Amino acid sequence: MLTGKRILLIISGGIAAYKALDLIRRLRERGAGVTPVLTRAGEAFVTPLSVAAIAGEKCYRALFDLTDEAEMGHIELSRAADLVVVAPASADLIARMAAGQADDLASTLLLATDKKVLVAPSMNVRMWLHPATQRNIAVLRGDDVRFVGPDEGDMACGEYGPGRMAEPLEIVAAIEAMTGEGPLKGRHVLITSGPTQEPIDPVRYIANRSSGAQGAALARALRDLGARVTFVTGPAREPSPGGVDVVPVVTARDMLAAVQAALPADAAIFAAAVADWHVTNVSGSKMKKDGSGRPPALEFAENPDILAHVAGLKKDRPALVVGFAAETDDVEAHAAAKLVRKGCDWIVANDVSPATGIMGGGENAVTLISAAGAENWPRLPKDEVARRLAARVAAALRKPADAGAPGGDA
Ligand code: CTP
């Protein structure tokens with residue numbers, strides 16, 4: 001429920017603007033008040049009259065409307081809400097947001113607000129995939145702007161792909177999460193992510209190709225369902241998401257210590273690509289060639305298995321412990337063996353052979369393995385894999401008895 005919550009809803013131009021009417025209706029059904037703002041481009045798709053009628057409130061339009069200023073200034077308008085939602089958000093408005101422009105009422109409100117902002121992008125697939133748009137999205141993510149969608153599917157322009165605005169109910173779920181009302185409200189989820197680095201000397205280390213993208217996507221998805229997320233991350237290429245407790249670490253041993261310090265948790269997800277060994281004879285100064293042509297002899301010791309350690313805890317074992325298995329061959333068999341060996345509840349297995357482009361890429365094709373069996377998911381963007389997994393985590397925590405069985409509707 002969203003009883004008593006006030007949503008400032010900015011509707012920009014795009015065919016999906018008609019869905020904003022349904023969104024307003026769904027929000028009001030849940031007890032929220034909606035203050036609508038329609039951009040000039042938005043007016044080409046829905047009329048201010050229909051928006052105002054469905055919202056039961058005045059529809060704000062122009063920046064320099066003296067009547068509005070007398071009633072409520074744009075600064076006040078931007079602050080009076082619990083949350084600012086942009087749905088649909090066009091590529092143009094997203095670009096103006098990223099640039100910090102304030103050249104109409106919508107962009108001015110977005111620049112002036114001190115509230116959280118949720119954006120539901122809607123645009124042609126090529127426009128969404130264009131590096132300029134992706135750059136703008138990354139900038140806004142860095143500013144802690146949240147996103148819901150876009151979904152993948154047939155588009156009004158006849159093309160297929162990501163760009164379609166998220167469905168109104170998906171947007172409502174994201175709003176509930178951001179106003180602290182999601183299904184994981186009050187739950188603590190611990191995530192490990194990224195590679196670890198194991199030093200050799202002060203300037204060299206052993207690491208792996210993990211970008212941290214899947215772990216960061218998971219953190220965002222769980223945060224968006226209302227969870228308090230502790231994100232223990234090695235030195236990853238992917239920036240850590242906003243709105244989560246980030247604990248940066250370097251080595252596997254640091255990661256274990258950070259995980260232990262973050263417990264207890266309701267669920268723990270181990271997405272990190274942890275180095276299996278660390279060097280025991282780390283040199284205090286930069287190793288030099290000694291002229292003999294012989295390489296230095298590095299000595300190794302095994303790193304602690306963080307996942308197995310947490311899964312084996314007697315006290316403070318999270319109700320749900322999820323591991324990842326990055327394999328290059330016999331994915332399902334290796335992953336199923338890992339589930340047993342590590343004592344976790346689920347394993348999310350993926351094939352990271354270079355030909356798949358998964359490690360360091362934007363997509364993932366996973367198999368979810370539990371005591372109940374294996375379930376193959378289609379190849380999906382890492383964000384979508386994260387959303388599906390987060391939904392499963394929420395369902396499992398609702399019914400702890402089912403934690404061993406994936407089931408559900410992903
Ligand atoms: N993991 C961990 N601590 C380690 C090694 C792995 O927490 N020291 C976790 C990973 O985060 C992942 C799972 O265990 O969730 C499996 O990691 P993976 O590297 O695939 O397995 P390993 O145990 O290293 O097995 P192997 O290298 O033999 O495949």
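If you're wondering where the values come from, they're calculated on a predicted model, not measured in any experiment. Whatever order the structure lists ligands and atoms in, that order sets their numbers, starting from 1. Heads up: numbering here begins at 1 and tracks the sequence.
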When you check the side-chain N and O atoms of [X] and [Y], is any donor under 3.5 Å from an acceptor?
X	Y	value
Gln260	His309	yes
Asp82	Thr179	no
Asp266	His188	no

Query raised in the report: Is a side-chain donor or acceptor of Thr108 paired with a backbone partner of Asp104 at a separation under 3.5 angstrom?
Result: yes
Report task. Would you check ligand 1 and list the protein residues that come within less than 4.0 Å of it by any heavy atom, ordered by chain and number? Result -> Phe270, Ala272, Val274, Asp276, Pro304, Asp305, Ile306, Leu307, Gly323, Phe324, Ala325, Ala326, Lys338, Arg341, Lys342
Query raised in the report: If you round to the nearest 0.5 Å, how far is CZ of Phe45 from CD of Glu43?
Result: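 If I round to the nearest 0.5 Å, the distance is 12.0 Å.
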Requested in this report: Taking the side chain as every heavy atom from C-beta outward, state whether Lys342 and Asp305 have any atom pair closer than 4.5 Å.
Outcome: yes
